[in-house]
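These values consider heavy atoms only, across backbone and side chains, with no hydrogens, waters or symmetry-generated copies. Both ligands and their constituent atoms are indexed starting at 1 by order of listing.
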Amino acid sequence: MAKIIDGKAVSEQIREALKKKIETLRGKYGSSPGLAVVLVGDNPASQIYIQNKRKACEYVGIRSYYHHLDIHTPQEKLLDLIHTFNQDPQIHGILVQLPLPKHISEEKILTSILPEKDIDGFHPLNVGKLVSNTPGLRPCTPAGIIELLDYYNIPIEGRHAVVVGRSNIVGKPLALMLLHRHATVTICHSRTLSLSSYTRQADILVAAIGKPQFIRGDMVKENAVVVDVGINRVDGKLVGDVDFESVATKAAAITPVPGGVGPMTIVRLLENTVQAFESLITPNP
Ligand code: GUN
């Protein structure tokens, strides 16, 4: 039976350390990190994510400013709002929850955020820094997954990591981070032919597909480490992209849903906000 990778417990430890760090920073600089959070529309899943992010901010002492905009808000209005956050010295991080309504260009919005305040790591400049493996703000979910693997001393170097899913938020950046940690990386996606022939080779298998319980035990190698990024609601119950029961009998270790990757994403957002605060308050000469 697989060992359970407890993202909730790890995230709580990191959160406590972060809370202390923010206290120290407040003593040193006389101010604390501030995060602007924007939701356009009423996507119920987004509302829950945002609520959890704001609660976590409050716990560690990050000031969060929530702006809930009507679904019909014009793009220009959102751009104006981001501009005011860019200029505001009390705001160190800007988070625009995705997905956005169809009439708003995600690319335009993400590019308008000051790269130094882009705590999601979605601005093209930060994406470029990730690709070239130079310091910068990194997307929260993949960075949280690497932190979780490191916490459990799961070796990455030389291992075959198979990432199923190629989104800009998770699959693509995670594949790059694993590559920078010297894994051999395969990216699979919805058009991959004979998917299981790849997943069965994985020492580290990451499921970021968005299909409930898609990865079954017969698709997984004996003693693999399985990371489940999925959050799907089935009959009112949260399930991942991995069929936990059948995969847990084969894997060496597995992240549960809930309590695996999700809490690590949130704590990484807090860490990124502190990173942005520190870089803005002590700019490089
Ligand atoms: N939607 C799903 N995941 C994320 C995330 O990490 N950041 C933002 N801004 N939106 C998301």
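Paired with Asp203 under the rule side-chain hydrogen bond (donor to acceptor under 3.5 Å, both in side chains), one option of Lys221, His160, Arg159 passes, and it is Lys221.
Within the structure, salt bridge (Lys or Arg N to Asp or Glu O under 4.0 Å) contacts touching residues 225-246 (residues at least two apart or in different chains) do not occur. Counting only residues at least two apart or on different chains, the salt bridge (Lys or Arg N to Asp or Glu O under 4.0 Å) pairs with a member in residues 21-48 are Lys21-Glu278.
Counting only heavy atoms of the protein, atom 11 (C) of ligand 1 lies nearest to Gln97 NE2, 3.4 Å. When hydrogens are left out, the protein atom nearest atom 10 (N) of ligand 1 is Leu98 N, 3.0 Å; that is the closest non-hydrogen contact.
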For this session: Could you give me the CA-CA distance, side-chain angles and deciding distance for Gln13 and Tyr151, then say whether side chain to side chain donor-acceptor pair (under 3.5 Å) is met?
Result: CA-CA 11 Å; Gln13 277 193 26; Tyr151 185 91; 3.0 Å; yes
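Contacts between Asp120 and ligand 1, counted as non-hydrogen atom pairs separated by less than 4.0 Å, involve the side chain only. Under 4.0 Å from ligand 1, the heavy atoms of Phe122 that appear belong solely to its side chain. Only backbone heavy atoms of Val96 (N, CA, C or O) come within less than 4.0 Å of ligand 1; its side chain stays farther off.
Not a single donor-acceptor pair under 3.5 Å links the side chain of Ser194 to the backbone N or O of Ser197.
When only interatomic distances are considered, the shortest N/O to N/O separation between Thr141 and ligand 1 does not fall below 3.5 Å.
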